[in-house]
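I have placed the structure first, in the form of structure tokens, so that the comments after it can refer back to it.
Position 1 is the first residue of the sequence, and the numbers go up from there.
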Amino acid sequence: MTSTREKGLIVSFGEMLIDFVPTESGVSLAESPGFLKAPGGAPANVAIAVTRLGGRSAFVGKLGGDEFGHMLAGILRENGVDDTGVSFDKGARTALAFVTLRSDGEREFMFYRNPSADMLLRPDELNLELIRSAKVFHYGSISLITEPCRSAHLKAMEVAKEAGALLSYDPNLREPLWPSPEEARKQIMSIWDKAEIIKVSDVELEFLTENKKIDDESAMSLWHPNLKLLLVTLGEDGCRYYTKKFHGAVQTFNVNAVDTTGAGDSFIGAFLSKIVDDQSVLEDEKKLRKVLRFANACGAITTTKKGAIPALPSDSESLSFIKDNQRRSNNPFKSKKLRFLYCSNCS
């Protein structure tokens with residue numbers, strides 16, 4: 001069995017913040033009687049998802065030199081994530097997001113980050129040694145919105161690629177943070193042709209293509225020559241995958257969804273943890289489908305609990321979940337539950 005130290009390192013770059021989640025679902029922010037603070041931020045969620053599954057990960061980003069910032073760095077360490085790529089800003093606060101949970105489990109956001117510490121990360125603050133040690137370098141698009149973080153993002157990508165890392169991109173669209181939809185599309189697509197693995201939701205596919213059709217033709221319009229795998233998550237319809245040689249779909253699991261926060265991060269974190277040391281998965285459809293089924297299970301489990309990081313599953317929990325679902329699917333008398341994987345617009 002491969003020890004954790006021998007496993008390839010997945011470095012996740014971007015934002016980490018505090019989500020404030022209403023104690024009561026299905027109400028507006030103003031109507032909520034209270035909020036629970038929960039660590040969040042898609043890249044950080046992915047890093048922790050990897051370690052929960054027994055992999056190695058590191059997080060690169062900037063936090064405020066405040067209590068929340070140091071609390072978040074502590075959470076990374078507690079979950080086995082290398083935090084030597086984290087820097088602190090004494091003059092800016094850690095980003096906050098108030099998240100409304102609607103009655104259907106979907107979310108709406110209100111952000112407090114003008115500017116927050118993550119937006120102020122400079123290229124000269126990057127831990128280049130850590131980035132060069134990555135076997136997979138994973139990132140989103142929020143760090144492209146403003147300078148100097150955009151330059152830091154581009155520098156980190158360049159260094160990782162030169163060192164031989166596989167580049168993984170999940171745009172994780174948060175439209176309210178961008179000056180305009182047009183600017184969001186422009187900046188998200190500005191680094192599109194660098195990534196070798198890209199994961200988008202159906203909502204992001206519509207946004208980027210400006211096409212309401214969610215089909216193979218629409219997905220393949222986003223293909224580029226350097227791409228090895230395009231993943232499109234489809235909520236309750238599972239996910240679709242596209243490579244140079246084959247494409248197909250992997251169905252979802254039956255769960256009672258409570259909160260979709262972080263489910264997409266759980267999905268991509270699980271996927272990356274399985275391919276970091278075996279990239280032949282990207283060229284073997286049978287292997288790929290098996291890994292995507294595992295990733296689907298992790299995404300599904302995450303929706304059954306509130307919050308992102310507290311809900312991220314372990315490897316044993318995910319495998320047990322798959323076995324239990326297989327057992328139930330073979331029982332014709334088992335009642336059906338809500339068919340749900342992860343929200344189409346979740347991080």
Side-chain angles (χ1 to χ4, degrees), residues 2-21 36-64 66-88 94-97 99 117-118 127 130-131 133-140 168 170 172 259 261-274 276-277 294-295 297-321 342 346-347:
T2 305
S3 70
T4 301
R5 285 189 177 183
E6 295 172 332
K7 292 182 178 180
L9 179 67
I10 297 170
V11 174
S12 197
F13 176 93
E15 70 282 356
M16 189 176 192
L17 46 80
I18 303 287
D19 286 329
F20 283 89
V21 183
L36 296 173
K37 70 177 187 295
N45 292 343
V46 170
I48 292 176
V50 169
T51 59
R52 286 275 174 89
L53 296 169
R56 288 179 64 218
S57 71
F59 175 74
V60 175
K62 196 170 194 180
L63 299 169
D66 50 30
E67 288 192 22
F68 281 151
H70 290 288
M71 180 193 83
L72 292 176
I75 287 170
L76 290 173
R77 292 191 295 272
E78 289 166 12
N79 283 277
V81 177
D82 185 335
D83 71 331
T84 56
V86 175
S87 58
F88 295 90
T94 300
L96 307 179
V99 187
D118 61 289
N127 184 334
L130 177 65
I131 293 169
S133 66
K135 204 163 183 178
V136 172
F137 185 72
H138 178 76
Y139 49 89
S168 167
D170 178 359
N172 190 39
D259 178 10
T261 306
D265 304 326
S266 180
F267 171 88
I268 193 62
F271 179 80
L272 295 176
S273 74
K274 292 299 183 183
V276 62
D277 292 314
F294 178 80
C298 292
I301 292 168
T302 305
T303 70
T304 64
K305 305 171 188 176
K306 282 195 174 183
I309 291 173
L312 297 171
S314 66
D315 194 57
S316 59
E317 184 180 0
S318 303
L319 293 174
S320 294
F321 175 82
Y342 40 82
C346 66
S347 61

Practice item. Please determine, by modelled atom types, if T94 and D66 share a side-chain donor-acceptor pair under 3.5 angstrom. Key: yes
Exercise for review: Please name all residues satisfying side-chain hydrogen bond (donor to acceptor under 3.5 Å, both in side chains) with T304, sequence neighbours left out, ordered by chain then number.
Suggested key: none
**Study point:** Nearest-0.5 Å distance that lies between atom CD1 in I10 and atom CZ in R56
**Key:** 10.0 Å
Point to revise | Euclidean distance, L312 CG relative to D265 CG, rounded to 0.5 Å | key: 8.0 Å
Revision key, fill the gap. Closest non-hydrogen atoms of A42 and N172, given as atom of the first, atom of the second and distance, are CB-ND2, 3.2 Å
Review point. Heavy-atom distance under 4.5 Å between the side chains of V60 and N127, does that happen here?
Key: no
Check your understanding: If you look at every heavy atom in G69 and L63, which pair is closest and at what distance?
Key -> O-CD1, 3.2 Å
Revision key, fill the gap. Across all chains, not counting sequence neighbours, the ring-ring contact (aromatic ring centres under 6.0 Å, His included) partners of F294 are none
Practice item. Look only at the side chain of K274 and the backbone of A295, and say whether a donor-acceptor pair between them is shorter than 3.5 Å. Key: no
Review point. Which heavy atom of I75 sits nearest a heavy atom of N79, and at what distance?
Key: O-ND2, 2.8 Å
Review point. For S273, which residues count as a side-chain contact (heavy atoms from CB on, under 4.5 Å) partner, sequence neighbours excluded?
Key: V50, L53
Study note, to complete from the structure: Those residues at least two apart in sequence (or on a different chain) that pass side-chain hydrogen bond (donor to acceptor under 3.5 Å, both in side chains) with D83 are R77
Practice item. With rounding to the nearest 0.5 Å, note down the distance linking NZ in K37 to CG in D19. Key: 12.5 Å
Revision key, fill the gap. On a heavy-atom basis, the closest approach of A47 and S57 is O-OG, 2.7 Å
Check your understanding: Which value, rounded to the nearest 0.5 Å, describes the distance between L17 atom CG and F68 atom CZ?
Key -> 11.5 Å
Exercise for review: Indicate the ring-plane relationship of F137 and F13, choosing parallel, tilted or perpendicular according to the 30° and 60° boundaries.
Suggested key: tilted
Review point. Can you name the closest pair of heavy atoms from D118 and A95 and give their distance?
Key: OD1-CB, 3.6 Å
Check your understanding: Can you tell me how far the CE atom of M16 sits from the CG atom of L76, to the nearest 0.5 Å?
Key -> 4.0 Å
Exercise for review: Not counting sequence neighbours, which residues clear side-chain contact (heavy atoms from CB on, under 4.5 Å) with D82? List them please.
Suggested key: A58, T84, L130
Revision key, fill the gap. Shortest non-hydrogen pair, G8 vs K135, comes out as CA-CD, 3.9 Å
Revision key, fill the gap. Paired with R52, the side-chain contact (heavy atoms from CB on, under 4.5 Å) test is passed by just one of I309, D315, V81, namely I309
Check your understanding: For P313, which residues count as a side-chain contact (heavy atoms from CB on, under 4.5 Å) partner, sequence neighbours excluded?
Key -> S266, C298, I301, T302, E317, S318
